[in-house]
Amino acid sequence: MATSSKKKDNRSLQGNSLARQLIADGILSQKTLDEYQEANLDEPIPLIRYLVKHNVASSYQIALAVSRDFGMPLLDLDAIDRDSIPLHLIDENLIYRHNALPLYHRGKRLFVGITDPSNIEALNNFKFHAGLNTVPVLVEEDKLTQFMDSMGQSKFDEMMDIADMEGADGVDVVEDFEDDSDVTTISEDDAPVVRFVNGILLDAIRKGASDIHFEPYEKKYRVRFRQDGMLNEVASPPASMAAKIAARIKVMAKLDISERRVPQDGKVRLAISKNKAIDLRTSTCPTIFGEKIVMRILDPASIMLGIEKLGFSEAQRPLFEAAIARPHGMVLVTGPTGSGKTVTLYTALGILNTESRNISTAEDPAEMAIPGANQVNVNPRQGLTFDSALRSFLRQDPDVIMVGEIRDLATAEIAIKAAQTGHMVLSTLHTNDAPQTLDRLAKMGIPTFNIATTVKLIIAQRLARRLCTSCKRPIDIPKEELLKQGFTEADLEQDFTLYEAVGCSKCNEGYKGRVGLYQVMPVSETMSNMIMEGANTLAIANQAKQEGIKDLRESGLEKVMQGITSLEEVNRVTVE
């Protein structure tokens, strides 16, 4: 059976128009063709590449003969401006697979460089993917191969520029503190992928990024940093490296590298100096083109900012400090993911963390270790949920309890109970503003009496980017437009300057760092009565306004008047 198949392949190849023409030109002999056919059975290789590799004829001789015999134009690749070649139109995997190159784009036509005029499959695939009519142009095999190699090398060089950045080899991966293993240095393995990942992590830390995204796609692989809340692409290594990069990160995070079908979570601890270690919370997610990995950088310096750096106004800060100083009650922080709720809670814990207080926290997971606080990572798979952790805390004489998030009725009920029985409870909810939080608790099933008597303060917040002090530029906006944006006549009577983002070498598109926008709403006696009477969110919001509580929009406009951020940025984070 194998012999029959082999003869069939020989006949097919002998019938190839290119082979027949090369034999007629005296470039290819039947003996060489037979040798090629034998080799092609074990390792498929294009005929022209085989002939050039085995010095049967030069690449130029073959190209010249083929051009004459098939009536195709012959183009010298050395005469092409490589920066103008439209590589973006065709997936690089197709280019390598078909040994064909998009040369230039004219109107609805894409001129494609090929070495074999019978390579119709390449022309059809390029036509389908680019949505353009393809026109074949003959090029020399050796020059096409050199160009392909340079394409891969340029991607590799981009990767190595990051891999070879100063300090990349000095990053240590520290084993988890639950392990008794020794510290291992990842520079022991000098592989390019290892050094590339080191360089990316170090670069992200140096630039103050909060998250690193490693993303595989059909036609590319990209790495993005989230800086000041915005994602920016920082590297595009070869798509072929996607699996190796994912495997390296999973090894660092102690995840199962053989499991690619389900999400996994882990943690990497990096020792970037003798006195400083940074944790990176790592999450993998299987996508149709590979595993996307997101690493959240948990830098203690960025989490424990101190209350003076949070961005509270002169009126808001005393309300916050007075609420957390109470011996019992509940303080809630609300906002979407990434709005800085954890930083606010950790700041409160930093103020309350004294020798005389017993502090316990239930988190998913703990963002950073707080000396003096008893922190628990919830683990629902093992039965350790927020509500079960809270029940355990109540048996251990706590003074302050912090719950990472109130997600369900069971957690809400035990948190309310703790606040009613002499404990200060700090927690978060996902609502758009402070008044909505009271309605959310009621809809969870908490009796309105319990809400009214336990919730003492609600903080809604967002994070806005700070204008770069080195390049921000004054801007004039007509009074009518300012009034439409929410400024009052009283605001416009004040002397202030509005600024816009410009951008310079010291910042990221005109911004550097972030500042909090807050709605700090104490639950007054009037509000408590309204809650027990079943008042809706709108009624409570109107009461807050009557009591002088600034909403998020007003807080943002105040930061604009102070020159801290721009009106454009406040619109981005507060306009719904």
Side-chain angles (χ1 to χ4, degrees), residues 310 312 316 319-320 322-324 326 328-345 347-348 362-364 386-387 390 401-420 423-463 516-556 573-574 576:
L310 288 183
F312 285 124
Q316 292 170 338
L319 298 176
F320 174 71
I324 64 174
R326 289 172 174 267
H328 58 82
M330 179 180 285
V331 172
L332 296 173
V333 183
T334 78
T337 301
S339 59
K341 299 186 298 295
T342 299
V343 174
T344 302
L345 289 181
T347 300
E363 304 169 71
D364 183 23
F386 279 117
D387 57 298
L390 281 172
I401 296 173
M402 195 267 273
V403 186
E405 182 183 349
I406 295 178
R407 298 176 178 172
D408 50 44
L409 177 59
T411 304
E413 285 180 334
I414 192 67
I416 290 285
K417 179 181 178 182
Q420 289 176 326
H423 310 94
M424 170 51 60
V425 178
L426 309 174
S427 190
T428 71
L429 275 172
H430 286 290
T431 57
N432 290 328
D433 59 21
Q436 285 186 26
T437 305
L438 298 169
D439 187 52
R440 175 67 58 84
L441 289 173
K443 288 182 177 178
M444 277 186 177
I446 302 298
T448 54
F449 173 81
N450 289 342
I451 298 172
T453 57
T454 56
V455 179
K456 303 302 180 184
L457 181 76
I458 303 172
I459 302 173
Q461 67 179 76
R462 301 290 188 275
L463 288 179
L517 309 182
Y518 300 95
Q519 180 184 27
V520 181
M521 188 183 84
V523 180
S524 64
E525 184 176 348
T526 301
M527 287 186 190
S528 295
N529 292 331
M530 292 175 66
I531 294 167
M532 287 188 284
E533 292 171 359
N536 60 28
T537 298
L538 182 59
I540 295 173
N542 289 333
Q543 178 61 31
K545 198 172 191 66
Q546 291 180 21
E547 294 180 12
I549 306 300
K550 290 182 180 292
D551 62 22
L552 287 167
R553 178 73 179 175
E554 292 168 332
S555 178
V573 299
T574 63
E576 298 180 359

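Nothing fancy with the numbering, it's 1 onward along the sequence.
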Separation between CD1 (I446) and OG1 (T454), nearest 0.5 Å, reads 8.5 Å
Could you tell me the separation between the OG1 atom of T574 and the CG atom of L517, rounded to the nearest 0.5 Å?
-> 7.5 Å
Does the Q316 side chain pair with the main chain of Y518, one donor and one acceptor, at a distance under 3.5 Å?
-> yes
D439 and N536: CA distance, side-chain angles, deciding distance, side chain to side chain contact (heavy atoms under 4.5 Å, CB included) verdict = CA-CA 7 Å; D439 187 52; N536 60 28; 5.9 Å; no
Only residue of I324, L457, I401 satisfying side chain to side chain contact (heavy atoms under 4.5 Å, CB included) with L426 is I324
Check whether any side-chain heavy atom of L438 sits under 4.5 Å from a side-chain heavy atom of M521, and report yes or no.
-> yes
Side chain K341, main chain P336, donor-acceptor under 3.5 Å | yes
Would you sort out whether N432 and R462 count as a side chain to side chain contact (heavy atoms under 4.5 Å, CB included), showing the intermediate values?
-> CA-CA 10 Å; N432 290 328; R462 301 290 188 275; 4.1 Å; yes
Min side-chain heavy-atom separation K456-M424 under 4.5 Å | no
Value for CD (E554) from CD1 (I549), rounded to nearest 0.5 Å, stands at 10.5 Å
Modelled atom types, side-chain donor and acceptor of T411 and D408, under 3.5 Å | yes
Can you find a heavy atom in the side chain of L429 that is under 4.5 Å from one in the side chain of M444?
-> yes
Rounded distance [0.5 Å steps], CD1 in I416 versus CD1 in I451 | 6.5 Å
Minimum-distance pair of heavy atoms, taken over all atoms of A434 and A460 = N-CB, 3.6 Å
Which pair of heavy atoms, one from R440 and one from H430, lies closest together, and at what distance?
-> NH1-O, 3.0 Å
Would you mind reporting whether L463 and V573 have side-chain heavy atoms less than 4.5 Å apart?
-> no
Nearest-0.5 Å distance that lies between atom CG in L319 and atom CZ in F312 | 9.5 Å
Where is the tightest heavy-atom contact between Q436 and T537, given as atom of each residue plus distance?
-> CG-CG2, 3.6 Å
With rounding to the nearest 0.5 Å, note down the distance linking CG in L332 to OG1 in T431.
-> 8.5 Å
Can you check whether P435 reaches N542 side chain to side chain, under 4.5 Å on heavy atoms?
-> no
For the side chain of S427 and the backbone of V403, is there at least one donor-acceptor N/O pair under 3.5 Å apart?
-> yes
Taking the side chain as every heavy atom from C-beta outward, state whether T453 and Q420 have any pair of such atoms under 4.5 Å apart.
-> yes
For the pair I531 and V523, evaluate side chain to side chain contact (heavy atoms under 4.5 Å, CB included) and give the outcome as yes or no after the intermediate values.
-> CA-CA 10 Å; I531 294 167; V523 180; 4.1 Å; yes
Audit row: L441, V455, side chain to side chain contact (heavy atoms under 4.5 Å, CB included) steps and yes/no | CA-CA 10 Å; L441 289 173; V455 179; 4.0 Å; yes
Kindly indicate whether the side chain of L409, heavy atoms from C-beta on, has any atom under 4.5 Å from the side chain of E413.
-> yes
Correct closest heavy-atom pair for A412 and I406 would be CB-CG2, 3.7 Å
Are the side chain of S555 and the backbone of D551 linked by a donor-acceptor contact shorter than 3.5 Å?
-> no
What pair of heavy atoms forms the shortest contact from T428 to E405, and how long is it?
-> OG1-CA, 3.5 Å
For the pair Q461 (side chain) and G340 (backbone), establish whether a donor and an acceptor sit closer than 3.5 Å, ignoring hydrogens and angles.
-> yes
For residues F320 and I459, report the shortest heavy-atom separation together with the two atoms involved.
-> CD1-CD1, 3.4 Å
Mind checking whether L390 and V425 have side chains closer than 4.5 Å, heavy atoms only?
-> no
